[in-house]
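First the structure, in the form of structure tokens, and then the observations on it.
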Amino acid sequence: MSGGRTGELSAMDEPNEQELLAQAADADIHRLAIPTPFQVGRVNAYLIEDSPLTLIDSGPNSGKALDELEQALAVRGHAIEDIELLVITHQHIDHFGLASILARRSGAEVAALDGLALYLRDFGISTELDDRFAQEIMLRHGIPADVVTALRAVSASFRAWGSAVEITRQLRDGEELRLRDRTLRVLHRPGHSPSDTVFLDESRAILLAADHLIAHISSNPLLARPLGAPPDFTGPRPRALVDYIASLELTQAMDLSLVLPGHGSPIADHAALIDERFRMHRRRAEKIHGLIVAQPRTAHEIAVELWGNVAVTQAFLTLSEVLGHVDLLLDEGRVVECEDSADAVVRFEAV
Ligand SMILES: [Zn+2]
């Protein structure tokens, strides 16, 4: 089975998407698939018909997203003004961009992980710092300067789909978010982003997982500034894939009846899917090891070797992928990091 796509994984007797969505609906959790302008396609917000009336994630800041969200709420007999609690799962704009508009119109409380509150309040500054951090990493790992410049422009244009939002209820890892008919356990699961937070409906063993686990694509462990890092943060380089694998191990050990992800279909067998992800990461690490054994290379050279000259917009994603897997090899003592004093670019060498 190839990494990334897991359609083949589904055995014939596995429940289909409609059955799994019906299982969620029995728990008064309804998927609202909101359009985004991004390659990932629609993002899943989840409406929990409980007290308070709760929305998990908002979709991006666009008129089309707002319009479709309003229609999806209306199908359930609600308006935006009825939302009482808005919960944000992580720092990516396709998940929280509409939050400030929804909060203003509804007066809803806005809840998110405590470490995420400042990031979202100062969203403009946060993304500016993120871009600067990404630029440093890209240059250090061999991405050509013209590509780095082009990517900054792309990132700046994406910002309009986000929006600063005030978090009125800060959540601590492990705490309980109590609704009338359920308790949601707040669990910090960094990796895909530093702020990834999943919510466990404890009595039903349903996990609202956002981008921590997705059925049809493997979540990118994106390199990002650590939460709460000072503005001038340059390192040490965060280890997103190492963190992500540790988070996946915690999730795999959970006894779950259903996982509701931030994109695509619900997941019935999370443990098998996570096993498949582990195998894929292992294969990729070994492939990268082979390339480094053949000759010392920069992370960018490895990315080009694996995926060719990808679109400019994908350059940071593929760099994050390579560095994540190199971190596994560094931990195993099979690779070392060597900085070239002439150009300050890092190359990886086999031990
Ligand atoms: Zn995300």
Side-chain angles (χ1 to χ4, degrees), residues 15-36 40-90 92-112 161 163 165 168-169 171 177-186 197-211 214-215 256-268:
N16 67 28
E17 181 179 42
Q18 289 314 314
E19 287 167 346
L20 297 175
L21 289 173
Q23 188 185 337
D26 282 343
D28 298 315
I29 305 175
H30 304 278
R31 182 181 72 173
L32 313 179
I34 309 298
T36 81
V40 71
R42 286 178 182 259
V43 63
N44 294 332
Y46 290 94
L47 177 71
I48 306 181
E49 289 181 323
D50 200 328
S51 181
L53 185 69
T54 300
L55 188 67
I56 308 285
D57 281 342
S58 67
N61 182 14
S62 81
K64 188 169 165 60
L66 180 61
D67 188 42
E68 289 211 23
L69 176 63
E70 281 193 295
Q71 289 177 39
L73 288 169
V75 167
R76 303 286 327 155
H78 307 288
I80 280 171
E81 286 69 20
D82 300 337
I83 300 168
E84 295 170 303
L85 173 64
L86 175 60
V87 178
I88 295 171
T89 60
H90 67 298
H92 291 156
I93 52 180
D94 50 335
H95 293 262
F96 80 85
L98 266 183
S100 62
I101 290 176
L102 300 187
R104 183 176 51 73
R105 282 183 52 182
S106 64
E109 256 205 301
V110 185
W161 283 285
S163 180
V165 59
T168 57
R169 172 147 184 205
L171 304 172
L177 190 56
R178 288 221 176 91
L179 282 62
R180 184 192 58 213
D181 300 336
R182 79 199 68 221
T183 297
L184 296 177
R185 179 77 62 183
V186 177
T197 312
V198 300
F199 298 86
L200 175 64
D201 186 329
E202 292 200 305
S203 63
R204 299 167 184 87
I206 294 177
L207 189 72
L208 293 140
D211 292 358
I214 300 173
L256 300 174
S257 66
L258 188 63
V259 174
L260 299 173
H263 303 273
S265 303
I267 297 158

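Just so it is clear, the values below take in all heavy atoms, side chains as well, and ignore hydrogens, waters and symmetry mates. These numbers were taken from a predicted model, which means no experiment stands behind them.
Note that the OG atom of S51 and the CZ atom of R178 stand 14.5 Å from one another [nearest 0.5 Å]. Taking CD1 of I56 as the reference point, atom OG1 of T54 lies at 6.5 Å (rounded to 0.5 Å). The structure places CD1 of I206 at 5.5 Å from CG of D201, a figure rounded to the nearest 0.5 Å. For the atom pair CZ (R105) and CG (L98), the distance works out to 9.5 Å, reported to the nearest 0.5 Å. Between the CD1 atom of I29 and the OH atom of Y46 there is a distance of 9.0 Å, given to the nearest 0.5 Å. The CZ atom of F199 sits 7.0 Å away from atom CG of L177, with the distance rounded to the nearest 0.5 Å.
For G264 against N44, the heavy-atom pair with the smallest separation is O-ND2, 2.9 Å. Residues A72 and L32 approach most closely at CB-CD2, 3.9 Å, considering heavy atoms. Of all heavy-atom pairs spanning P266 and L21, the tightest one is CG-CD2, 3.7 Å. Taking all atoms of both residues into account, the shortest heavy-atom contact from L171 to A111 is CD1-CB, 4.0 Å. E68 approaches A33 most closely through the heavy-atom pair OE1-O, 4.3 Å. Here the shortest heavy-atom pairing between R31 and S265 reads NH1-CA, 4.0 Å.
S62 meets the side chain to side chain donor-acceptor pair (under 3.5 Å) test with no other residue; sequence neighbours excluded. The side-chain contact (heavy atoms from CB on, under 4.5 Å) test applied to Q71 returns D67, not counting sequence neighbours. Applying the salt bridge (charged side-chain N to carboxylate O under 4.0 Å, His left out) test to R185 and every residue at least two apart in sequence or in another chain returns E176, E202. T36 meets the side chain to side chain donor-acceptor pair (under 3.5 Å) test with no other residue; sequence neighbours excluded. For S106, there are no side chain to side chain donor-acceptor pair (under 3.5 Å) partners two or more places apart in sequence or in a different chain.
Considering only heavy atoms from C-beta on, I88 comes within 4.5 Å of V110 through its side chain. Side-chain contact between H30 and R76: present, with at least one pair of heavy atoms (C-beta onward) separated by less than 4.5 Å.
Between L66 and the choices I80, N61, I34, the side chain to side chain contact (heavy atoms under 4.5 Å, CB included) rule is met once, by I80. The only member of L208, I214, L207 that meets side chain to side chain contact (heavy atoms under 4.5 Å, CB included) when paired with V259 is L207. When each of V87, L85, L86 is checked for a side chain to side chain contact (heavy atoms under 4.5 Å, CB included) with E109, only L85 meets the rule.
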Quick one, L73 with I83, criterion side-chain contact (heavy atoms from CB on, under 4.5 Å). Give me CA distance, side-chain angles, the key distance, then yes/no. CA-CA 10 Å; L73 288 169; I83 300 168; 4.1 Å; yes

For L55 and L69, what are the C-alpha separation, side-chain angles and deciding distance, and is it a side-chain contact (heavy atoms from CB on, under 4.5 Å)? CA-CA 11 Å; L55 188 67; L69 176 63; 4.3 Å; yes

Hey, mind stepping through S163 and S100 against side chain to side chain donor-acceptor pair (under 3.5 Å) and telling me if it holds? CA-CA 7 Å; S163 180; S100 62; 2.9 Å; yes

Please determine whether side-chain contact (heavy atoms from CB on, under 4.5 Å) holds for the pair R204 and D26, giving the CA-CA distance in whole Å, both sets of side-chain angles, and the decisive distance to 0.1 Å. CA-CA 10 Å; R204 299 167 184 87; D26 282 343; over 6 Å; no

Residue pair V198, L200: steps toward the side-chain contact (heavy atoms from CB on, under 4.5 Å) verdict: CA-CA 7 Å; V198 300; L200 175 64; over 6 Å; no

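Pairs engaging residues 55-90 under the ring pair (Phe, Tyr, Trp, His ring centres under 6.0 Å) rule: H90-H92, H90-H95, H90-H192 [sequence neighbours left out].
The closest donor-acceptor contact from the side chain of E84 to the backbone of A108 lies at 3.5 Å or more, if one exists at all. At distances below 3.5 Å, at least one donor-acceptor pair connects side-chain atoms of N16 with backbone N or O atoms of Q18. Judged by distance alone, with hydrogens and angles left aside, the side-chain atoms of D50 form a donor-acceptor pair with the main-chain N or O of D181 at under 3.5 Å.
Salt bridge absent: E49 and R180 never bring a charged side-chain N and a carboxylate O closer than 4.0 Å.
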